[in-house]
Amino acid sequence: MADATCAQIDGDLWFPEVGANPQAAKRICLEQCPVREQCLAYAMKNDEQGVWGGLSRNQRKALQAKQETA
């Protein structure tokens with residue numbers, strides 16, 4: 001986690017309030033983070049809130065459901 005881009009950026013960005021636009025956090029994850037895949041796997045395993053691995057919690061749940069049916 002020390003290598004994660006989010007570790008050097010304001011933590012509030014990763015946990016937007018309900019209805020807030022998380023696009024900035026997602027963009028940073030997808031374009032700049034060297035540990036995005038590990039972060040995404042961790043968040044999916046632990047049902048984390050907020051943006052992890054470039055995806056919101058709802059997006060992660062949808063991805064997980066898709067993987068379970070494949």
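All values derive from a computational prediction rather than experimental measurement.
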Practice task
Report whether Leu13 and Leu30 are members of the same hydrophobic cluster (ILVMFWY, side-chain heavy atoms less than 4.5 Å apart, transitive linking).
Solution key: no

Problem - Nearest heavy-atom neighbours spanning Pro16 and Pro22 - result: CG-CB, 3.8 Å

Handout entry: Taking every non-hydrogen atom, the tightest pair across Gly50 and Arg60
Key = O-NH1, 2.9 Å

Practice task
Answer yes or no: does atom CD of Gln38 have more than 12 heavy-atom neighbours from other residues, nucleotides or ligands under 6.0 Å?
Solution key: yes

Completion exercise
Residues at least two apart in sequence or cross-chain that pass side-chain contact (heavy atoms from CB on, under 4.5 Å) with Asp47, listed by chain then number, are Arg57, Lys61

Completion exercise
Value for CG (Leu55) from NZ (Lys26), rounded to nearest 0.5 Å, stands at 7.0 Å

Practice task
Hey, could you give me the CZ/SG distance between Arg27 and Cys33, rounded to the nearest 0.5 Å?
Solution key: 15.0 Å

Handout entry: Tyr42 reachable from Val51 in the ILVMFWY side-chain graph, under 4.5 Å edges
Key = yes

Exercise for the section: Grab the two heavy atoms, one from Gly53 and one from Cys39, that are nearest each other, plus how far apart they are. Expected result: N-SG, 3.4 Å

Practice task
First locate atom OG of Ser56, then atom CD of Gln23, and finally report the distance between them rounded to the nearest 0.5 Å.
Solution key: 9.0 Å

Problem - Backbone of Ile28 reached by a side-chain donor or acceptor of Glu31 within 3.5 Å - result: no

Problem - Spatial distance of atom SG (Cys6) from atom CH2 (Trp52) [nearest 0.5 Å] - result: 7.0 Å

Exercise for the section: Look up atom CD in Glu68 and atom CG in Leu63, then write down how far apart they are to the nearest 0.5 Å. Expected result: 10.0 Å

Exercise for the section: Please round to the nearest 0.5 Å and tell me the distance separating atom OG1 of Thr5 and atom CH2 of Trp14. Expected result: 7.0 Å

